[in-house]
Amino acid sequence: MSSDLKAVLKERLDKNYDDFLAQLQSKTVSELIVMAPEIVAAQQCHEELLDACDEDDIQFLLQFDDPLELVRGYWEAEITGYSHSDEMGHMLWEIRDREMYDREQLAQPSLPAVQGKKSKKKEGHSHER
């Protein structure tokens, strides 16, 4: 029974997502930019919600005509409703660390030049034999 209900929920989520995308067609670029968090939330819920559901979740969501809209609203609040400054601070630290590493690598002598010198020495030795 669970796989049948899961298939029904998948069909409903797909239809809800198609309807959502159809509504976006009439929006201006400015309206779409403002709606970006809502669009991302709808996309993530459409792609990942079904895998997160157990049998009880599936039965609960099937009570709604538009379970995607229901969950999307909560998910949007979850991803936009708090400060991301700690994550951004960590991201900036990683970017700085990577940039410093890249600069250090560029400042070091290139490896092929060192290998080229070793190759010539080896060739010289092989000719001496």
Side-chain angles (χ1 to χ4, degrees):
M1 178 169 94
S2 177
S3 63
D4 292 340
L5 289 178
K6 193 170 189 174
V8 171
L9 180 59
K10 180 179 180 353
E11 287 177 26
R12 188 164 306 164
L13 291 171
D14 289 346
K15 182 186 180 323
N16 296 158
Y17 190 65
D18 290 343
D19 292 346
F20 177 78
L21 293 178
Q23 292 173 357
L24 295 178
Q25 299 298 319
S26 64
K27 304 290 184 192
T28 66
V29 171
S30 298
E31 290 171 323
L32 291 172
I33 290 169
V34 170
M35 291 179 67
E38 182 179 344
I39 295 167
V40 168
Q43 182 181 29
Q44 287 178 336
C45 288
H46 178 251
E47 291 175 2
E48 300 175 32
L49 179 61
L50 199 58
D51 291 334
C53 290
D54 62 19
E55 191 169 329
D56 291 336
D57 296 328
I58 292 169
Q59 289 177 355
F60 171 74
L61 291 172
L62 284 174
Q63 296 176 55
F64 301 94
D65 291 332
D66 195 342
L68 182 67
E69 178 65 18
L70 173 75
V71 176
R72 185 220 40 86
Y74 283 93
W75 185 245
E76 181 182 355
E78 183 69 27
I79 62 177
T80 62
Y82 70 95
S83 172
H84 294 276
S85 61
D86 288 342
E87 291 91 346
M88 287 188 182
H90 180 74
M91 175 191 63
L92 290 169
W93 178 84
E94 285 202 18
I95 291 170
R96 283 195 315 268
D97 188 56
R98 192 171 300 142
E99 288 296 317
M100 288 175 26
Y101 175 80
D102 289 346
R103 287 184 191 141
E104 288 174 7
Q105 295 302 310
L106 289 173
Q108 293 181 3
S110 63
L111 194 55
V114 173
Q115 287 178 343
K117 289 179 183 176
K118 288 181 182 177
S119 298
K120 289 180 182 178
K121 287 181 183 179
K122 286 182 182 177
E123 287 174 8
H125 290 298
S126 63
H127 291 295
E128 292 176 3
R129 287 185 183 180

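Sequential numbering from 1 along the given sequence is applied to the chain's residues.
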Please list, one pair per line, the donor and acceptor atoms closer than 3.5 Å that link side chains of residues 82-94 to other protein atoms, with sequence neighbours excluded.
unit_1	atom_1	unit_2	atom_2	d
Ser83	OG	Ser85	N	3.2
Ser83	OG	Ser85	OG	3.1
His84	NE2	Ile79	O	2.9
His90	NE2	Glu94	OE2	2.7

Strictly below 4.0 Å, N to O, side chains only: are Arg96 and Glu99 in salt-bridge contact?
no
Restricting to non-hydrogen atoms, name the atom on Arg72 and the atom on Ala42 that form the minimum distance, rounded to 0.1 Å.
CG-N, 3.4 Å
In one Ile/Leu/Val/Met/Phe/Trp/Tyr side-chain cluster, 4.5 Å: Val40, Leu24:
no
Would the number of heavy atoms belonging to other residues, nucleotides or ligands and lying under 6.0 Å from OH of Tyr74 be above 12?
no
Test item: Glu38 side-chain N/O and Met35 main-chain N/O as donor-acceptor pair under 3.5 Å:
no
Side chain to side chain, Asn16 and Glu69, heavy atoms closer than 4.5 Å:
no
Does a side-chain heavy-atom distance below 4.5 Å link Ile33 with Val29?
yes
If you take all heavy atoms of Asp57 and Ala52, which pair is closest and at what distance?
OD2-O, 3.8 Å
Distance in Å, Asp4 CG paired with Leu9 CG, rounded so as to fall on 0.5 Å steps
13.0 Å
Leu61 and Leu49, any side-chain heavy atoms less than 4.5 Å apart:
yes
Test your reading of the model: is there a side-chain donor-acceptor pair from Arg12 to the backbone of Leu62, 3.5 Å cut-off?
yes
Taking Asp51 for its side chain and Glu48 for its backbone only, find out whether a donor-acceptor pair lies under 3.5 Å.
no
Taking the side chain as everything from C-beta on, heavy atoms only, tell me whether Phe20 gets closer than 4.5 Å to Ile39.
yes
How far does CD of Glu76 sit from SG of Cys45, to the nearest 0.5 angstrom?
9.5 Å
Is there a path from Leu70 to Ile58 through hydrophobic residues (I, L, V, M, F, W, Y) whose side chains come within less than 4.5 Å of each other?
yes
Presence of salt bridge, Lys15 and Glu11, under 4.0 angstrom:
no
How far apart are the C-alpha atoms of Asp102 and Arg98, what are their side-chain angles, what is the distance that settles it, and do they pass the salt bridge (Lys or Arg N to Asp or Glu O under 4.0 Å) test?
CA-CA 6 Å; Asp102 289 346; Arg98 192 171 300 142; over 6 Å; no
Give, for atom CG of Asp18 and atom NE2 of His46, the distance between the pair rounded to the nearest 0.5 Å.
6.5 Å
